[in-house]
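Input: a single structure, listed below in C-alpha cells.
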Amino acid sequence: MKSALENVKSQIIMAVSRAAEKAKTDGKLNYEFLPDFVLEAPREKEHGDFATNIAMLLARQAGMPPRKVAEILDSYIINEGAWVARKEIAGPGFINFYLDNGWVYEVLPQIEVQGDKYGNSETGLGKKVQVEFVSANPTGLLHMGNARGAALGDTMANLLRSAGFAVTREFYINDTGNQIDNFGKSLEVRYLQQYGQDIPFPEDGYHGQDIIDTIKGLIERDGDKYLTMEPGLRKKNFIEYALEEKLQAIKNTLQDFGVEYDVWFNERSLHETGALEAVLDELRGRGYIYEHEGALWFKTTEFGDEKDEVVVRSNGTPTYFAADIAYHKNKFDRGFEWVVNIWGADHHGHIKRLKGAVKALGYDPDNLNIVIMQLVRLFKGGEIIRMSKRSGEFVTLEDLISEVGRDAARYFFVMRSADSHLDFDMDLAKSKSTDNPVYYIQYAHARICSILRQLNEKGGAIPPAGECALTLLAEPAELELIRKLVDFPVEVSEAAVNLEPHRLARYAHELAGLFHVFYNSHRVITDDVELQNARLVLVKCTQTVVRRALHLLGLTAPDSM
RNA sequence: GCGCCUAUAGCUCAGUGGAUAGAGCAACGGACUUCUAAUCCGUGUGUCGGAGGUUCGAGUCCUCCUAGGCGCGCCA
C-alpha cells in the first residue's frame with residue numbers, strides 16, 4: 001500500500017516533470033535532460049509543505065537565472081486533483097508548495113487498517129540480507145562493545161525486515177584457533193590450581209573470575225578424573241565443556257537483551273568441511289596467494305591494503321583472516337545479496353583486506369557493508385569506569401541489564417550514530433526522571449493507554465476512522481502530530497537502507513514530544529462527541545506508531561508507568 | 001610515519017549539496033480542583049576545529065593543517 005506521503009509527493013513530482021516537458025516543447029525552456037530534482041519538506045514551516053530545487057538544477061542548462069526558470073515552470077504546473085492550495089517562488093529559486101490540510105488525514109484510516117504493519121514497506125523488495133553482529137569470542141562474558149553491537153545489529157535487522165528485506169541474524173562463533181588454545185591452557189591451570197598444584201597462571205591467559213567458576217562447575221560434575229588424563233585430551237575436554245557453558249551464557253544474556261539469532265555459525269565447521277582449504281585453493285588458482293618464509297600470503301596490497309596478509313602460518317595453521325574469507329564466501333554462496341557486518345572500531349583495519357578477498361573471489365565487494373562502531377566509554381558518578389579484559393575487571397552486559405534495565409540500555413546504545421564515540425552514563429540511564437529519553441517515549445504510550453482505559457470504563461469506544469469528522473483535527477498540535485505519523489514509513493525505510501538505527505530513536509523521541517504537546521493543550525475525552533471521536537482516532541493511531549517504534553528499537557511499550 | 005573515525009550551543013549530540021544550522025540536558029521563570037507534572041509553556045546561546053578550493057548555493061564534497069580516539073602481529 002502506498003503511503004499518504006508517497007501519494008501526494010508523487011502527484012506533485014509528476015506535475016513538475018510534466019510542466020518541465022511542456023515548457024521545453026513550447027520552446028520556453030531549453031535543456032537536454034531533466035536533472036534528478038528533489039521534492040522535500042522544507043525545514044522552515046513558512047516555506048510550505050513541500051519544496052523543489054528543480055529550477056536551480058536547470059538554471060545552467062537553460063542558460064537563465066534560477067528564479068526565471070522557476071517562474072516558467074510555475075506557469076506550467078497544473079495541479080489537478082492534488083492538494084496544492086498555492087505555490088510560491090522563493091529564495092534562490094525554490095518552488096514551494098502549500099497544501100490543504102486534507103491530505104494528511106488520509107494516514108489515519110491507513111494506520112487503522114494496517115495496525116502494527118503500518119510503517120512496513122516494500123523498499124527492500126524481499127532482498128536477502130544477512131546481518132552479522134556481536135560474534136563475541138565464546139571465551140568469556142559480553143562487554144560494553146558487544147552490547148552496543150547487539151543493540152545496533154538487532155535494531156538494524158528489525159528495521160530491514162520492516163522495510164521489506166528478508167533478514168537473517170547471524171552470530172559467528174570463533175570456536176577454534178589460538179585464543180581457544182589459550183583458553184584451554186587457562187582452564188587447565190585453573191583446574192590444577194583447584195587441586196592445590198602451584199602452577200603459575202599464563203601471562204596472556206584469561207584472568208577473569210568466571211574461568212575459575214567454570215572450572216569449579218566442571219569439578220562439581222566430574223571431580224578429579226582429569227588429573228590423570230592425558231594432557232591433550234584433558235584440555236580438549238575442558239574446552240568442550242567451557243565453550244558450551246560460555247556460549248550458553250552468551251545466548252542467555254542476548255536473549256535477556258531481546259536479541260534472537262537465526263543462525264549460530266561455527267568457525268570450526270569451515271575447517272572441518274574443508275571449505276577453508278577450498279577457498280585458499282581458489283585464491284591460489286586465481287594467483288593471489290604466494291609463499292614467503294614458509295607461510296602463505298594473500299596479496300591484499302592489490303586491493304589497497306598497506307601490506308600483504310598471512311593466511312597460513314609457517315606452522316601450517318590457518319589464520320583468522322583465512323577463516324573469515326571462507327566464511328564470507330559461504331555467506332554469498334548461501335544466497336545473501338547483501339551482507340552487513342557490525343564491527344568495533346578496533347577492527348577497521350580489516351575492511352580493505354576482507355573486501356579485497358571478496359572481490360578476488362569474484363563477488364561484488366559493494367554487497368558487503370561493514371558498519372564500524374566507535375568504542376563505548378562507561379560513566380558512573382561522573383567518572384569513567386576503566387575496564388580491562390586482561391585483569392578480568394569489566395562491566396558485563398549482564399551487569400548492565402540488571403543495573404539499568406534492558407530498555408534504557410538498548411535505547412542509549414542506539415540513540416547515537418555508530419560513528420560517534422558513545423559516552424554511556426549509567427546514572428542517567430538509571431534515572432527515572434525527565435532527563436531520561438526512554439521514559440519520555442514510553443510515557444507517551446502509557447498516557448495514551450490511560451486515556452483509552454478511561455474511555456473503556458465509561459463504556460465508550462473508538463469509532464472507525466471512516467465514520468469520524470477527521471477535519472475537526474485542525475489545531476496546530478494535532479496537525480503536526482498527524483504529519484509526524486505520516487513520516488513513519490519513510491523514517492523506517494531510510495533508517496534501514498542507510499543502516500542508521502539512531503534515526504529511529506530520534507524519530508520516536510520527536511513523535512513522543514509532539515504527542516505530549518498535544519496532550520497538554522487539548523483534551524481527548526470531552527463533551528463534544530464529534531471532536532472526541534476524531535481525537536480518539538488520532539490518539540489510537542499515535543499509540544500504534546509509538547508502540548511500533550518502541551518495538552523496532554527492542555523496547556517495551558508499557559501500558560502504565 | 002601511514003590508514004580509518006571524530007571535531008557543530010556551557011554539556012551530550014542530530015543535521016541524506018539547499019533558504020534564517022536544530023534537539024535533549026544544564027540555567028532561570030511559569031502551568032496540576034482538568035484524560036498520569038516521568039508532562040507542558042516561556043527566556044538565551046553558535047568565528048559549524050583552522051585555511052584554501054569546487055558550486056548558483058558548503059556544517060555537508062575536495063586538498064592541506066591542528067587536536068582527540070582507534071588501528072598498523074605468522075593475535076582475533
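If you're wondering where the values come from, they're calculated on a predicted model, not measured in any experiment. Residue numbering restarts at 1 for every chain, and letters A, B, ... go by the order of the sequence lines.
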(message) Assess whether a salt bridge exists between A:K352 and A:E306, defined as any Lys/Arg side-chain N lying under 4.0 Å from an Asp/Glu carboxylate O.
(response) no
(request) Classify the nucleic acid contact of A:A295 as base, sugar-phosphate or nothing, counting any heavy atom under 4.0 Å across all strands shown. (result) base
(request) Convert the base pairs of RNA chain B into dot-bracket notation, remembering that pairs crossing earlier ones are written with [ ] and that bases paired across to another strand are shown as |; include only Watson-Crick or G-U pairs under 3.5 Å. (result) (((((((..((((....[...)))).(((((.......))))).....(((((..]....))))))))))))....
(request) Would you tell me if any nitrogen or oxygen in the side chain of A:R447 comes within less than 4.0 Å of OP1 or OP2 on B:A37? (result) yes
(message) Rounded to whole Å, how long is the line connecting atom CG of A:L514 with atom P of B:C40?
(response) 10 Å
(message) Quick check for you: among B:A38, B:C13, B:U39, whose closest atom lies nearest to any side-chain atom of A:Y439?
(response) B:A38
(message) How many whole angstroms separate atom CG of A:N436 from atom C1' of B:U39?
(response) 14 Å
(request) For this output row, return yes or no: ring centroids of A:F97 and A:F50 closer than 6.0 angstrom. (result) no
(message) Is A:H509 stacked against the base of B:G24, taking the criterion as centroid distance under 5.5 angstrom and interplanar angle under 30°?
(response) no
(message) Classify A:I54 by what it touches in the nucleic acid, base, sugar-phosphate, or nothing, heavy-atom distance under 4.0 Å.
(response) nothing
(request) Report the nucleotide, chosen from B:C74, B:C5, B:G73, that has the shortest atom-to-atom distance to any side-chain atom of A:D419. (result) B:C5
(message) Please check this pair: side chain of A:D407 against backbone of A:T556, looking for a donor-acceptor N/O pair closer than 3.5 Å.
(response) yes
(request) Please state whether the base of B:G3 and the side chain of A:H348 form at least one donor-acceptor pair under 3.5 Å? (result) yes
(request) May I ask whether A:F94 stacks on the base of B:A19, given the cut-offs of 5.5 Å between ring centres and 30° between planes? (result) yes
(request) Answer with yes or no whether A:N182 presents, from its side chain, a donor or acceptor under 3.5 Å of a partner atom in the base of B:A76. (result) no
(message) Any residue in residues 477-507 of chain A with a heavy atom nearer than 4.0 angstrom to RNA chain B? Just list them by number, or reply none.
(response) A:E494, A:H502, A:R506
(message) Looking at the base of B:C74, is there any donor atom on it, or on the side chain of A:S314, that sits under 3.5 Å from an acceptor on the other one?
(response) yes
(request) For the side chain of A:N178, starting at C-beta, report the closest nucleotide among B:C75, B:A19, B:C35. (result) B:C75
